Visitor: 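Please read through the structure below; I'll follow up with questions.
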There are 2 protein chains.
Amino acid sequence: MVQELIDISISDLMTDVNRVACVDPDNSLEHALLVLVKSGYSAIPVLSRNGMVQGTISKTLILDSILGLERIEFEHLADRKVKDSMNTDVTTIQLGESFVRALELAVNAPFLCVEDDAGRFVGILTRSAMLQRIHRYVKM
Amino acid sequence: MVQELIDISISDLMTDVNRVACVDPDNSLEHALLVLVKSGYSAIPVLSRNGMVQGTISKTLILDSILGLERIEFEHLADRKVKDSMNTDVTTIQLGESFVRALELAVNAPFLCVEDDAGRFVGILTRSAMLQRIHRYVKM
Ligand SMILES: Nc1ncnc2c1ncn2[C@@H]1O[C@@H]2COP(=O)(O)O[C@H]3[C@@H](O)[C@H](n4cnc5c(N)ncnc54)O[C@@H]3COP(=O)(O)O[C@H]2[C@H]1O
Ligand SMILES: Nc1ncnc2c1ncn2[C@@H]1O[C@@H]2COP(=O)(O)O[C@H]3[C@@H](O)[C@H](n4cnc5c(N)ncnc54)O[C@@H]3COP(=O)(O)O[C@H]2[C@H]1O
């Protein structure tokens, strides 16, 4: 029974890199906020030109970085860069790792960045994809 | 084995109402955005004075509602209210329902609003709490 859950491969569940919204470390925070608002996502990966994950950026991090004492100082958005505000402590997992390891990491991360053996970003593994698979297992 | 997962009670896993950040439908969007930025949460419940869930409000909904053609029009935050922008399609679950039902709902909702028999809001059930419990089960 549990073995069925344990044998799930990460590549079966992940969102492929071509369908992941992401930004460049040198983009302005204004550009990143517009990508986040238009996509509707709370947080997205930050990828370097050579396809490696540099960090994640979120609406929370962007708004936090322009939060003044009295108000949110939106005029600073254009002159700040993603690399100055991004979270560099990214939760990553390798393609060959187990579903149980993905589950452990997902307890504290809304999504995991998936990398291949060479450390290149290949997609994300979301909590919704994992929960959908677990629900199917439990319902059987 | 699976029975152990199925028998989990919702009240054991949920975040109690006293620890849930929430706002009032008559608050301004500016106030709601400050609560969201200061708490770090993406979305929080909107509760009426008599303790019933009216909706949820998120950074995405607030920023969406002030997104103009060229830029995000932050000056409108003060004169708009939470009730004008909140999502009223709230994912709720009753205290007595099963963990399997909670799992099914959590596939598409980052958290569930938990209600008692009288329909009063008693707390939220988060994906992280559910994933933590599932991980403990799978690792045994
Ligand atoms: N456009 C949409 N269509 C359908 N459902 C949507 C949606 N946007 C959000 N949701 C739902 O809301 C959850 C939380 O989204 P959030 O943007 O906070 O958090 C998201 C977002 O930060 C990131 N993410 C998901 N898909 C992404 C993508 N294609 N590109 C970049 N980031 C993505 O992963 C987090 C977890 O995603 P997950 O699917 O587990 O969980 C999603 C999903 O269940
Ligand atoms: N201050 C903090 N401390 C530790 N971890 C944190 C954290 N803020 C966020 N996280 C982590 O990030 C996940 C996504 O948070 P988010 O704010 O997008 O999405 C959150 C937020 O919208 C809402 N939420 C969680 N706790 C809340 C609370 N006490 N009051 C109001 N809303 C809450 O439920 C969603 C799902 O929460 P979940 O725990 O599954 O998942 C959380 C948790 O794993």
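This one's a predicted model, so the numbers in the text were calculated from it and none came from an experiment. Naming convention: chains lettered A, B, ... in sequence-line order (proteins, then strands); numbering from 1 in each chain.
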Visitor: Please check if the number of heavy atoms outside A/D117 that lie under 6.0 Å from its CG is greater than 12.
Guide: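 Atom CG in A/D117 is not crowded, with 12 or fewer foreign heavy atoms closer than 6.0 Å.
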Visitor: Should B/M14 and B/L105 be counted in the same cluster of Ile, Leu, Val, Met, Phe, Trp and Tyr side chains packed under 4.5 Å apart?
Guide: yes
Visitor: Report yes or no: do B/I57 and B/V20 belong to one cluster of Ile/Leu/Val/Met/Phe/Trp/Tyr joined by side chain heavy-atom distances under 4.5 Å?
Guide: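 Shared cluster, no.
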Visitor: Hey, any chance B/I6 and B/V138 share a hydrophobic cluster, counting ILVMFWY side chains that come within less than 4.5 Å of each other, even indirectly?
Guide: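 Yes, because B/I6 and B/V138 connect within a single hydrophobic cluster, where side-chain heavy atoms sit under 4.5 Å apart.
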Visitor: Which atoms of B/L77 come close to chain A, meaning under 4.5 Å heavy atom to heavy atom: side chain ones, backbone ones, both, or neither?
Guide: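 The side chain, not the backbone.
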Visitor: Tell me, out of A/K38, A/E30, A/H135, who's got the most heavy-atom pairs with chain B below 4.5 Å.
Guide: A/H135
Visitor: Using 30° and 60° as the class limits, which term best fits the ring planes of B/Y137 and A/Y137: parallel, tilted or perpendicular?
Guide: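 Taking A/Y137 first and then B/Y137, their aromatic rings sit tilted (interplane angle of 30° to 60°).
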Visitor: With clusters defined by side-chain heavy atoms of hydrophobic residues (ILVMFWY) lying less than 4.5 Å apart, directly or transitively, does B/L29 cluster with A/L36?
Guide: yes
Visitor: Does A/I8 belong to the same Ile/Leu/Val/Met/Phe/Trp/Tyr cluster as B/V107, with side-chain heavy atoms less than 4.5 Å apart forming each link?
Guide: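 They do share one cluster, since a chain of ILVMFWY contacts under 4.5 Å joins A/I8 to B/V107.
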Visitor: Side chain, backbone, both or neither: which part of B/I134 has a heavy atom under 4.5 Å from chain A?
Guide: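 For B/I134, backbone and side chain are both near chain A.
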Visitor: Would you indicate whether B/D79, at its atom CG, is surrounded by more than 12 heavy atoms from other residues, nucleotides or ligands within a distance under 6.0 Å?
Guide: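 Yes, CG of B/D79 has more than 12 neighbouring heavy atoms, counting only those of other groups under 6.0 Å.
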Visitor: Under a 4.5 Å cutoff for heavy-atom pairs, which residue among B/N108, B/L63, B/L67 has the most contacts with chain A?
Guide: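 With the most close heavy-atom pairs to chain A, the winner is B/L63.
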Visitor: Could you tell me which residues in residues 118-132 of chain B have at least one non-hydrogen atom under 4.5 Å from a non-hydrogen atom of chain A, sorted by residue number?
Guide: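 Near chain A, by residue number: B/R127, B/S128, B/L131, B/Q132.
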Visitor: Indicate whether any N or O donor in one side chain lies under 3.5 Å from an N or O acceptor in the other, for A/T60 and B/K59.
Guide: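 Looking only at side-chain atoms, B/K59 and A/T60 do form a donor-acceptor pair, the distance falling under 3.5 Å.
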Visitor: If you measure from CG on B/L34 to CD1 on A/I72, what distance do you get to the nearest 0.5 Å?
Guide: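 With rounding to 0.5 Å, CG (B/L34) is 5.0 Å from CD1 (A/I72).
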